[in-house]
Amino acid sequence: MTSPGADPVRLAVAVEAPLHSGLHGPLDYLSERPLSPGALVRVPLGRRDVPGVVWTTAPGDDEGHALKAVTEVVDALPPLSARWCDLVKFTSTYYQRGLGEVAMAVLPPELRKLDNAGLASRIAKLRKAYDKPVPAAPAPVRPELTSDQADALAKLAEVNLPGAAPVVLLHGLTGSGKTEVYLRAAEAALAAGRQVLVLVPEINLTPQLEARFAERFGGGDTPRRIVSLHSGLTPAQRLKNWLAAHLGLADLVLGTRLAVFAPLPRLGLIVVDEEHDPSFKQQEGARYSARDLAVYRGKLEGSCVLLGSATPSLESWQRAEQGRYLRLTLANRVGGGVLPKVRLADMNLLPKVRGATTALAPALVAALAKRLERGEQSLVFLNRRGYAPVLHCTDCGWKSGCPHCSAWRVFHKGDRTLRCHHCGFTQPVPRACPDCGNLDIAPLGQGTEKLEEQLAAALPGARVARIDADTTKHKGALEASLSAVHAGEVDILVGTQMVTKGHDFRRITLVAAVNPDSALFSSDFRAPERLFSLLMQAAGRAGRDAAQADRSEMWVQTWHPTHPVYTALRQHDFKAFAASQLKEREIAGLPPYVHLALMRAEARTPEAARDFLQAAADLAAELPGANELLLYPPVPTTIARVAGVERMQMLVEASSRPQLQRVLSPWMAALPSLRATHKGVLRWALDVDPLAI
DNA sequence: AGCACGCCGACT
DNA sequence: GTCGGCGTGCTC
């Protein structure tokens, strides 16, 4: 193989080597011929043959020990760009995961299995399908811009100069036409010959937005190729779309968080829709925030990043306040519609019946009845499925706990089961109390099943339907329920938060949140922000039809009517809410004023998990820069035991990102040594910038 | 994490 | 005799 005079080249290759193996960073191999960084290869690792990405190359003077040779060079694939490698490297160091692990996790799984020949044939097929002439489609009709949209786009054009790579926060309330701004910004990027990346929080939201982009850019004189990237695609489809992006054949890539790693040779614009959405944070492996990586990638690629939301994250909002992001505002609904009037039902003022407050405020029932009379629809929202969150024995006090988790099992009346929503443990409802035999076991609290009953009882004759994870388990069930709503076969729709996102119910003039207070007292410091966002989103479901907008209402039942969340909601005032929340975060010493990482450990016993975390803290305290950190004592996680595994966590705080980052690498490198002395620990994980603590 | 080696118990 | 249980150790 070796031609005379050609020296072997030494390569550092990023391969998937587990963290605990002690193999960090790329591994060294030899190649008979020079290879460029970003090339896909197969290399021997132990007794296996694994895929890897060439990271760096160096002249081949060997330093003593013999290196193994690369098994295969996947020439068929053009090398990944230096910028792509930079994004992967950043993700690896910032979120503390192995370089190769990150690189392999963000490549399509199918790619790792293919050899040169297989890949070459896929690529050939893909190129042929484009070359094919596209049937002529009518040129798109572009809607007239509102003055808000026109202003925003003018300002965007002012800052989006070549090389400027601005980050723009588009604050636009529901129905104000954010999508049209995305479309126009995309149009400009496409016209300049660049590719556009659009990130959405959920797979369900991709088809809708994809259709909007296809309608605008799929036809006309220069039809554009649009592909989607998310985990719902078949492996073959995902590979195909990924290749189309990488080869520059796709002009628009639309996808969920993993699409932030799509290789795009001519990237010109990144749109992050609903940028505040928690789904952008990956919750396993490298726990990256796709929104934050999009901002980093924009800088890297010299691309404009457009972050859009009706209720921006406080992190993005603060950066806009500081002038680091440009803020553009869409304050009015397209077509002159108004947001529904918000009405608070103060539960403290309701009379008690047999010591208990009625579940539905009479004023809300009256408002629902009015909708029935007028033939309009209502949406009643409760973020808790099942009939009741817990059963209890009125005699001995027994409660329906889960034997494997530190959580209650939920009573589902539909199939008469007790179900644990954390580990899935399900049993038939006992006829009598398992502890004392008493026959009087009663449900406590309220879920969507019960709410459905209560509404039917309060409004005889109303056609009530329920949409939640339980009613939509079977394929097509969600679509069937939604079309029943659209066909006007339902008067009152009961649902969990899955009904609050995206759907365009034209005949709904009332949205009610029955028990939103529960979110206010969760351990999650972002709970008020999330609740506000959720309620704003829910409010946006009402009065979508401009003709009905003025008599649309959002009802909120609450025991805390003076809470800032509800005050701000009533005034539709995100700015005031953000200001008050940021003030609170500053006083409490929470992000974005401090920077956090959360170390979690799982073990058979809480003591083993705690001892491990304590030992990890002792290790951290020895590292240079440790005096800049605040290490909190280990505490049990919110649900301490899930499926028989005990979970503890330890918070690490620093006043700046560099201070935090400085200690993380040596700390994570030192941890595997604790395995020997802490054998009870099943696993540990670090979450940088955790969503909840 | 894989994947193999290795050193003990129950089967054709 | 060997098939296979999973403890232990290694991977540029």
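Chain letters run A, B, ... following the sequence lines, proteins first and then strands; every chain starts at 1. When reading the values below, keep in mind they use all heavy atoms of this one structure, side chains included, and skip hydrogens, waters and symmetry mates. Just so you know, these numbers come straight off a predicted model, no measurement behind them.
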**Euclidean distance, atom CZ of residue A:Arg683 to atom C1' of B:dA1 [Å, nearest integer]** = 13 Å
**Asked** Out of C:dC12, B:dG2, B:dA4, which nucleotide sits closest to the side chain of A:Leu27?
**Response** C:dC12
**Message:** Could you tell me how far apart A:Arg675 (CZ) and C:dT8 (C1') are, to the nearest whole angstrom?
**Reply:** 14 Å
**Request:** Could you pull out all residues at least two apart from A:Asp75 that satisfy salt bridge (charged side-chain N to carboxylate O under 4.0 Å, His left out)?
**Result:** A:Arg33
**Rounded distance in Å - CG (A:Asp28) to P (C:dT11)** = 14 Å
**Prompt:** How close or far is atom C1' of C:dC12 from atom CG of A:Leu11, stated in whole angstroms?
**Reply:** 11 Å
**Message:** What's A:Pro26 touching, base or sugar-phosphate or nothing? Going by heavy atoms closer than 4.0 Å.
**Reply:** nothing
**Message:** What is the separation between atom CZ on A:Arg48 and atom P on C:dC12, rounded to the nearest whole Å?
**Reply:** 10 Å
**Item:** Whole-Å distance separating the CG atom of A:Asp49 from the P atom of B:dG2
**Value:** 15 Å
**Nearest-Å distance for atom pair CZ/P, residues A:Arg47 and B:dC3** = 11 Å
**Asked** For the pair made of CG in A:Leu67 and C1' in C:dT11, what is the distance, rounded to whole Å?
**Response** 14 Å
**Message:** Regarding A:Glu110 and A:Lys113, does a basic nitrogen lie under 4.0 Å from an acidic carboxylate oxygen?
**Reply:** yes
**Prompt:** Are A:Tyr94 and A:Arg657 linked by a side-chain donor-acceptor pair shorter than 3.5 Å?
**Reply:** yes
What pairs of donor and acceptor atoms, side-chain ones from residues 83-93 of chain A against any protein atom, are under 3.5 angstrom apart with sequence neighbours left out?
{"from": "A:Arg83", "atom 1": "NH1", "to": "A:Glu301", "atom 2": "OE1", "distance (Å)": "3.3"}
{"from": "A:Trp84", "atom 1": "NE1", "to": "A:Phe261", "atom 2": "O", "distance (Å)": "2.8"}
{"from": "A:Asp86", "atom 1": "OD1", "to": "A:Tyr296", "atom 2": "OH", "distance (Å)": "2.8"}
{"from": "A:Thr91", "atom 1": "OG1", "to": "A:Leu87", "atom 2": "O", "distance (Å)": "2.7"}
{"from": "A:Ser92", "atom 1": "OG", "to": "A:Arg97", "atom 2": "O", "distance (Å)": "2.8"}
{"from": "A:Thr93", "atom 1": "OG1", "to": "A:Lys89", "atom 2": "O", "distance (Å)": "3.1"}
{"from": "A:Thr93", "atom 1": "OG1", "to": "A:Phe90", "atom 2": "O", "distance (Å)": "3.2"}

